[in-house]
Visitor: 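Let me give you the structure first, and then I'll get to my questions.
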Number of protein chains: 2
Amino acid sequence: MSSLRNSKQRDAVLQNLSERYDHPTAEEVYISVKKVIPSVSLATVYRNLKLLESEGMILKITTPDSDRFDGHTHEHYHFTCNSCKRVLDLELSDGISVNTLPKNFGGTITGHELMFYGLCESCNKI
Amino acid sequence: MSSLRNSKQRDAVLQNLSERYDHPTAEEVYISVKKVIPSVSLATVYRNLKLLESEGMILKITTPDSDRFDGHTHEHYHFTCNSCKRVLDLELSDGISVNTLPKNFGGTITGHELMFYGLCESCNKI
DNA sequence: ATTGATAATGATAATCATTATCGTTAACGT
DNA sequence: ACGTTAACGATAATGATTATCATTATCAAT
């Protein structure tokens, strides 16, 4: 069977994401990785982001505005500013209700969306 | 200032969404509305979905696979099947923890993502 | 009812993020 | 080293969404 080979491009993508906390887009990761490996291709960044996500090493965060990536995979939540579109981390204390909005946060929260993932009943049976 | 005028195309979009619970894509809404107004344009469906969402009359649900629409705006949550990509409603009892997964559900839940929306601290000040 | 202003439409071109293709390069087991 | 093939860089293709624009429909004022 095929297995993963080492790739400095993939290492650079993963390292960049592990160093930052601003939830960059694929394009923004590309710009950063280019500073370390100037010859890197945008397609390679997309390829490795997808691969790393499928391996569970990074998270893809889908917002209404853009897809973003997060190198920190511990359980935590996110906030999107409707104005500047930035994505911030929100750490909720364990067991907090989704109806109890975080207090230690200078912004204003006007809504939230909770999405569960898994297998539906019919796909479960297959 | 400008104000909204009546439009049977917009009414048809809104009515279609209010009748269904399957969280259709824009294309799927278009197919349905076309059965009522055969001359309707896909662009008109997109325009009205955006307009209705900005008016708070429908919800846009962004999933990793596609954007979907929901005509039912009361607070509730969603489940995306990783296999068939369907989006289902999940009603959580009030105050339930995000760590307590719903029981009345035939599928398997493997993860979840919680996104808050609003204004960040710096945009708040503007 | 008619008119005038303009919101809304239908058709389609343009945009843009992402993916596919393909010839070349590089990782690594033998 | 060598051969196999995963991974790459470059770029074309794709597909969902948005922009454009000439035409039509809404509706307040006459």
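These numbers come from the heavy atoms of this one structure, side chains and all, not from hydrogens, waters or symmetry mates. Reminder, nothing fancy here: chain letters follow the sequence lines and each chain counts from 1.
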Visitor: Rounded to whole Å, please give me the gap between CG in Asp65(A) and P in dT18(C).
Guide: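 Distance check: Asp65(A) CG to dT18(C) P gives 12 Å.
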
Visitor: Between the side chains of Tyr77(A) and Glu75(A), is a donor N or O closer than 3.5 angstrom to an acceptor N or O?
Guide: yes

Visitor: Between dC27(D) atom P and Lys8(B) atom NZ, what is the distance in whole Å?
Guide: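 Rounding to the nearest Å, NZ of Lys8(B) and P of dC27(D) are 13 Å apart.
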
Visitor: Taking only N and O in the side chain of Tyr46(A), is any of them less than 4.0 Å away from OP1 or OP2 of dT19(C)?
Guide: no

Visitor: Without decimals, in angstroms, what is the distance between Leu49(B) CG and dT17(D) P?
Guide: 10 Å

Visitor: Given atom OH of Tyr30(A) and atom P of dT11(D), what is their separation to the nearest angstrom?
Guide: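 Whole-Å distance recorded here is 11 Å.
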
Visitor: Please tell me if Ser41(B) has a side-chain N or O lying less than 4.0 Å from either OP1 or OP2 of dT9(C).
Guide: no

Visitor: Contact class for Arg47(A) (heavy atom, under 4.0 Å): base, sugar-phosphate, or nothing?
Guide: base

Visitor: Do any side-chain nitrogens or oxygens of Gln9(A) fall under 4.0 Å of OP1 or OP2 in dG9(D)?
Guide: yes

Visitor: Rounded to whole Å, please give me the gap between CD1 in Ile37(A) and P in dT25(C).
Guide: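 Nearest whole value for this atom pair: 17 Å.
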
Visitor: Between the side chains of Thr62(B) and Arg68(B), is a donor N or O closer than 3.5 angstrom to an acceptor N or O?
Guide: no

Visitor: Go nucleotide by nucleotide along DNA chain D from the 5' end; which of Ala43(B) and Ser7(A) gets its closest nucleotide reached first?
Guide: Ser7(A)

Visitor: Considering heavy-atom distances to DNA chain C, does Lys60(A) or Val40(B) have its closest nucleotide positioned more toward the 5' end?
Guide: Val40(B)

Visitor: When the distance from CD of Glu55(A) to C1' of dA6(D) is rounded to whole Å, what number comes out?
Guide: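 Checked: the CD to C1' distance equals 14 Å.
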
Visitor: Closer than 4.0 Å, any side-chain N/O of Lys50(A) to the OP1 or OP2 of dT19(C)?
Guide: yes

Visitor: So, OP1 or OP2 of dC8(D): does either fall under 4.0 Å of a side-chain N or O from Asn48(A)?
Guide: yes

Visitor: Categorize Ser66(A) for me: base, sugar-phosphate, or nothing, with a 4.0 angstrom heavy-atom threshold over every strand shown.
Guide: nothing

Visitor: Nearest whole angstrom, please: distance from the P of dA16(D) to the CD1 of Ile31(B).
Guide: 11 Å

Visitor: Under a 3.5 Å threshold, yes or no: a donor from one side chain and an acceptor from the other, between Ser122(B) and Arg86(A)?
Guide: yes

Visitor: Nearest heavy atom decides the nucleotide; on that basis, is Leu51(A) or Lys34(A) closer to the 5' end of DNA chain D?
Guide: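 Its nearest nucleotide lies further toward 5', so the answer is Leu51(A).
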
Visitor: Quick one: is dA25(D) close enough that its OP1 or OP2 comes under 4.0 Å of any side-chain N or O from Arg5(B)?
Guide: no

Visitor: With a 4.0 Å cutoff (strictly under), does any side-chain N or O of Asn6(A) reach OP1 or OP2 of dC28(C)?
Guide: yes

Visitor: Strictly by modelled atom types, are Ser32(A) and Arg20(A) linked by a side-chain donor-acceptor pair under 3.5 Å?
Guide: yes

Visitor: Without decimals, in angstroms, what is the distance between Arg10(B) CZ and dA25(D) P?
Guide: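 Spelled out: CZ on Arg10(B) to P on dA25(D) is 16 Å.
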
Visitor: What do you reckon, are the aromatic ring centroids of Tyr21(B) and His72(B) less than 6.0 Å apart?
Guide: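 Tyr21(B) vs His72(B): aromatic centres under 6.0 Å.
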
